[in-house]
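Scroll down for the structure; my scribbles are underneath it.
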Number of protein chains: 2
Amino acid sequence: MTSPERLTLQPLIDKLQFWAPLSDADEAAVRALPVTFRRLKAGHYVVWDGDRPQHSCLLIHGFAYRHKIVREGKKQIFSLHMDGDLVDLQNSLLGRADHNVEMLTDCDVALIPVDAIRKIAFDRPSVGMAMWYETLVEGSIFREWIANIGRRDARTRIAHLICEFAMRLKAAKLGTPEGFMIPMSQEWISDAVSLTSVHVNRVLKALQADGVIHRSRRWIEVRDWDGLVEAGDFNPAYLHLDQVHPAAI
Amino acid sequence: MTSPERLTLQPLIDKLQFWAPLSDADEAAVRALPVTFRRLKAGHYVVWDGDRPQHSCLLIHGFAYRHKIVREGKKQIFSLHMDGDLVDLQNSLLGRADHNVEMLTDCDVALIPVDAIRKIAFDRPSVGMAMWYETLVEGSIFREWIANIGRRDARTRIAHLICEFAMRLKAAKLGTPEGFMIPMSQEWISDAVSLTSVHVNRVLKALQADGVIHRSRRWIEVRDWDGLVEAGDFNPAYLHLDQVHPAAI
DNA sequence: CGCTCGTTTGATATATTTCAAGAATTGTGG
DNA sequence: CCACAATTCTTGAAATATATCAAACGAGCG
C-alpha cells in the first residue's frame, strides 16, 4: 500500500503522457482535478451494471477487473487493471454502466468526478485525445480477447492471458516476466478465459509439466518465455505499447 | 447503390449529432473534410492487419465487417457495420492496424484522411467527443461479444447476434425486426459467433423449427421477437441507443 | 486446531467439431 | 435462357475438447 501522503495524480499524468504530449498547462489542469483518494478493499464494487456512475476510478496501487454476469449466473471477465490504469472511463462517460467494476486486491484509488473528466477532455484537447487513446487501446485488447476466447483452444487461451498480463506488468514497471503475481484464483482465471476452473487447473498443470511456467499459489514464474509466446499464439502488437505519441498531430 | 450525385457526408453528421450536439460551425467543419467517395466491391479490404492506415472509412451504403485471423487460419469476426458507420476510426487513430476491415457487400464509402480526422477531433471538441463516444459504444459491443462468445451456448449466441443486428438495423432505419437482410453466409455467421458453420446450420434450423425465426437465403424474418430476445438472453442496454447527448456538459 | 477457500484428481457426460457426401442455390459464360 | 461451375446449405455418423459431478487434499488463518 502506498502511504497516504504519497497519493498523487502522477500515475495519471504518466499514463496520459504516454499517449499524447501534455503542455505544462495541461499537466496543471490534470493536477487540479477535484479528486478523492480512497482505500478500497478487495471485493469492493466501484460500479454495478446498470448504475449511473458519478466517478471514474484511477488505480494508484492494486488490481481491479471488470465483468458481466449473463443468464444463469455465469461470469465473464473482460479486463484486468493494474497500477496507473484509469479504470472505467467507459462506464462513466457512457452515463449508464453496462458492466461491473470490482477490486481484485486491496487498492489505493483516486475517484474523479465524471463531470470533471468530461470538462477537462473537452477543454484541453491533448488531455481528451490521450484519454481517447487509452479507451482505443482497451478496445484493441477487447478485440484480441474475442479472438482468443472464440478461436483458440484452452491451452493457447491461458498461455495468451499470461503473456498479456506479463507484458502489461512489465510496461507498467510492476514486474518482469521472470516472476510476477497474477492476483487471481483459478476460478477467476477461468472466468477470464471462458473455461471451467477444473479445466484451467489441468491446463496450468500441463504448462508446468512442460516446463513453460511454474505456478505456486498466485505467483507465476515464466520458465520459458519463447515457449509461452509460442503456446499462446501471442503477438503483442495489439497492446500498442510501442506507440510514441500517435496523438501528436 | 446510391447514385453518385447523392453521396454526401450527411450520414456522418447524423451519426455525430446522435452523440453530441454540433454547432453550425462544427457541422460546416465536418462538411469541409477532404473526402474521396468510392464504390468498393464485396470482398474488398480497406485495411489489412499490420497496415498503417491513411484513411478512415465512412460507410454510406452497404455492409462491412472487421476480423482477425489467428494461428491455423481460423477467422474471428468482431464487428459488423452498416450505413452511416464510421468504420475503423480505431485502426486509423491507433496508427497501426491490429485487424482487417473488409466489405461484406458492394459499398459506397467516403474515405477520410486520418490527419483530417485527428485535426477536426482536436480543433472541435464537440466533434471529437462525438467520435469518442462512437468508439466507446463499439467498446461496449465488444464487451458484450466477449460475454456472448465466452459464456453462452450456441443457440443463445446466435439468437443474440440476430437480436443485435435487428436492433441496430432498426436504429439506423434500415429495416424492421419483422424482416431484414443479414448479408452473411452461415460460414460468416459462424466466424462471428465462434462456432462451426455446420453447427450454425443446425441451430438456425432449430430456431426456425421452434417458430422463432424464418430464414431463406440471407433474408431473416423474426416470427417471435420476444421469443428471440428470450432465446438470446438479449438486453439492448449495452448498445446505448437510448442515450440522448451524453456528451453535453 | 479446526475451518474455509482453493487446488487437485478421477470418472462420466455432453456440446460442439470434424469428416464426408449429397442437395440446393447462385453465379457465369455462351 | 440454358448449361455448367462454384458456392452454400443440409444431413448423418463418429471423434473430441471441455464441462460436470464428486470427493479428497492442502494451505492459510483466526
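Here is how names work: the chains are called A, B, and so on, in the same order as the sequence lines, proteins then strands, and each is numbered from 1.
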Heavy-atom donor-acceptor pair, Arg218(A) side-chain to dG6(C) base, under 3.5 Å: no
Arg152(A) CZ to dT17(C) P, straight-line distance once rounded to whole Å: 17 Å
Spacing between Lys74(B) atom NZ and dT16(C) atom C1', to the nearest angstrom: 11 Å
Side-chain donor or acceptor of Arg71(B) paired with backbone N/O of Glu230(A) under 3.5 Å: yes
Given dT16(C), dA20(C), dA19(D), the nucleotide with the shortest approach to the side chain of Val198(B): dA20(C)
Nearest-angstrom distance from the residue atom CD1 of Ile189(A) to P of dT8(C): 11 Å
Side-chain N,O (Gln186(B)) to OP1/OP2 (dT10(D)) below 4.0 Å: yes
Distance, rounded to the nearest Å, where Glu187(B) contributes CD and dT10(D) contributes P: 14 Å
Touch class at under 4.0 angstrom, heavy-atom based, for Arg155(A) against every strand present: nothing
Salt bridge present between Asp49(A) and Lys68(A) (N-O < 4.0 angstrom): no
Atom-to-atom span, NE2 of His214(A) to P of dT7(C) - whole angstrom: 14 Å
Aromatic plane relationship, Phe234(A) with Tyr238(A) - under 30° parallel, 30 to 60° tilted, over 60° perpendicular: perpendicular
Length of the line joining His199(B):NE2 and dT8(D):P, which is rounded to integer Å: 21 Å
Out of dT16(C), dT18(D), dT8(C), whichever nucleotide has its closest atom nearest the side chain of Lys205(A): dT8(C)
First encountered from the 5' end of DNA chain C, between Arg202(A) and Ser185(A): Ser185(A)
Reference residue Val193(B); test side chain to side chain contact (heavy atoms under 4.5 Å, CB included); the match among Ile77(B), Val203(B), Leu161(B): Leu161(B)
Check: Val101(B) and His99(B) side chains under 4.5 Å, non-hydrogen atoms: yes
Length of the line joining Arg151(A):CZ and dA17(D):P, which is rounded to integer Å: 16 Å
Residue whose nearest DNA chain D nucleotide is more 5′ - Thr196(A) or Arg217(A): Thr196(A)
Spacing between Trp219(A) atom CH2 and dG28(D) atom C1', to the nearest angstrom: 18 Å
Phosphate OP1/OP2 of dT7(C): any Asn201(A) side-chain N/O under 4.0 Å: no
